[in-house]
Every structure is written in structure tokens, then in C-alpha cells.
Amino acid sequence: TQSTQPQRILGAVQKNATRGDPRSVVKAIDQYCRNKEWAMNVGDEKGCILDSVVSEVNPSTVLELGTYCGYSTVRIASLLPPNAKLFTLEFNPHNAVIARQVIAWAGVEDKVQLIEGASGDWIPKMKEHYGVKTFDLVFLDHWKDRYLPDTKLLEECGLLRKGSVLLADNVIFPGAPEYLEYIRGNQRYESCFFKSHLEYTKALDGLEKSVFLG
Ligand SMILES: Cn1cnc(CNC(=O)c2cc(-c3ccc(F)cc3)cc(O)c2O)c1
Ligand SMILES: [Mg+2]
């Protein structure tokens, strides 16, 4: 029977990466997706920008919207301090099954809570279910038309504090125009754009970093 792309990505990790070594997992996925088949991981170029923002924020509590195969989950988790927690939401159950195995192979499962379900359903439940107070960093990488409604939901649920950082992937390609318009025109955010390229291609893309001012 045919394999799926997430299954093939997991296979590349199990074949080429060292158990317990997150950087080798990231490298194995990037090499597979650059040389064999494109996939929608944030990739290494934008991934380096992600790394620098994570290191700068040094977050205790992170929310990732859109796990896919766990590439950025592993990238972020590998940079977190000991007691920090990364909550990652994935809508697609098959992606979640694969991501759990990629996260385990990297040895970062203690820092990661993967939640299967819709972001719109789970964001309002994060406080009561997981005892989350506020998020220090939010990485938006899920359906592009959910960036804006979910950002408003985070505000309404009191999950952002003065200084919380939102980092949004793909604001150029595929694009998130409504999100960009809202966040750049909103006095309660200080935003900047990091110009880059769509993963594994020469197409223009970039990340929008926005600090919530409270
Ligand atoms: C099904 N699904 C599970 N997660 C999601 C959310 N992510 C995306 O849609 C996404 C898409 C692209 C992309 C797709 C086609 C293309 F031609 C160029 C770019 C790139 C990304 O970095 C993304 O994050 C969708
Ligand atoms: Mg993306």
C-alpha cells in the first residue's frame, strides 16, 4: 500500500537521525525535503530566524499552532530551558501520529504536549485543561485563514501578557493578508517582518514577529 508523505518523513528520520539528538532530526528532515520531496516544514532558512527568536524570548510556555510532522516542534523544544513546556496543536490525526514519533525520536517528549484537535476549540480550554497562565511565545504555522481568528481568541482568553511574542510563518507565501493587516495596524502590537524564502525554494516568504504590548 502507498505510504504518506508524513510516513516517508518519519522513515527518513529513523534512517538518518540519531535517537535523542534533536539537531540530527532537523537535519535529516531538511535533507529529505530538499533532495527527495518538498514538504511544508518551516525549513532551515526560516528555521534559523525561528531559533533566534526562541533564544531571545527564552520562553517558559510556548504555543505552536500547526505541528505537521513535528519539525518546528523539535526545533523549538531543543532550545527550551529545563522546565519549559511547548504545547503544539495539530488538527490532522495522521499528522499527530507521525509527529509523536518524530518528537520521541528526538528525545524532547518531556517538553512537548501535543494536542489533537482544532485550535479554535482548544485555545479557550488551555487554562482549565493544562493550567496555562499566559504564553511567552506563539508560533503560528497552521491554516493561514486561522491566524487572525486564533490571535483574537488568544487575546479574548487572556492568554497573552505584556511582552508575549507572536511569530507567524508564511505571511508572504501562501500569505496571511488579513492577519498582517490586523497586527500591523493594531497599536497593541509592535511588529517587524523577517524577509526569507519559502522552505526549500527560492520563492519569497517571511516571518512576522509581533510583541503584544498589553
Ligand atoms: C493541511 N495542513 C496542515 N497544516 C497546514 C498549515 N500549513 C500550511 O498550509 C503551509 C503551506 C505551505 C505551502 C503550500 C503550498 C505551496 F505551494 C506553498 C506553500 C507552506 C507552509 O509553510 C505552510 O505552513 C495545512
Ligand atoms: Mg509554514
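Just so you know, ligand 1 is whichever comes first in the structure, and atom 1 is the first atom listed for that ligand.
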Checklist entry - Between OD1 of Asn170 and OD1 of Asp141, what angle is found at the Mg ion (ligand 2), rounded to 10 degrees? => result 90°
Output yes when a side-chain donor or acceptor of [X] lies under 3.5 Å from a complementary backbone atom of [Y], and no otherwise.
X: Asp136; Y: Ser60; answer: yes
X: Glu90; Y: Thr67; answer: yes
X: Lys111; Y: Val74; answer: no
X: Thr88; Y: Thr73; answer: no
X: Asn186; Y: Tyr182; answer: no
X: Arg8; Y: Ser3; answer: yes

Atoms of ligand 1 less than 4.0 Å from [X] heavy atoms?
X: His142; result: 6 (C), 7 (N)
X: Glu199; result: 20 (C), 21 (C), 22 (O)
X: Leu198; result: 18 (C), 19 (C)
X: Phe173; result: 16 (C), 17 (F), 18 (C), 19 (C)
X: Asp169; result: 22 (O)

Any idea which protein heavy atom is nearest [atom], and the distance to it?
atom: atom 25 (C) of ligand 1; result: Trp143 NE1, 3.3 Å
atom: atom 4 (N) of ligand 1; result: Met40 CE, 3.7 Å
atom: atom 14 (C) of ligand 1; result: Trp38 CH2, 3.9 Å

Next on the checklist: Can you tell whether the side chains of Asp30 and Arg34 come within less than 4.0 Å, N to carboxylate O?
Outcome noted: no
Checklist outcome for this item: For the Mg ion (ligand 2), the nearest N/O/S atom on Asp169 is atom OD2
With a 4.0 Å cut-off on heavy atoms, is [X] in contact with ligand 1?
X: Tyr200; answer: no
X: Tyr68; answer: no
X: Pro174; answer: yes

Checklist entry - Can you get from Val138 to Tyr71 by hopping between Ile, Leu, Val, Met, Phe, Trp and Tyr side chains that sit under 4.5 Å apart? => result no
Item to check | Worked check of side-chain contact (heavy atoms from CB on, under 4.5 Å) between Tyr179 and Lys144 | outcome: CA-CA 8 Å; Tyr179 173 79; Lys144 309 315 159 194; over 6 Å; no
Checklist entry - Centres of the His142 and Tyr147 rings: under 6.0 Å? => result yes
Item to check | Geometric class of the His129/Trp122 ring pair [parallel <30°, tilted 30-60°, perpendicular >60°] | outcome: perpendicular
Heteroatom proximity flag, [X] to ligand 1, N/O under 3.5 Å:
X: Asn170; result: yes
X: Asp141; result: yes
X: Lys144; result: yes
X: Asn41; result: no

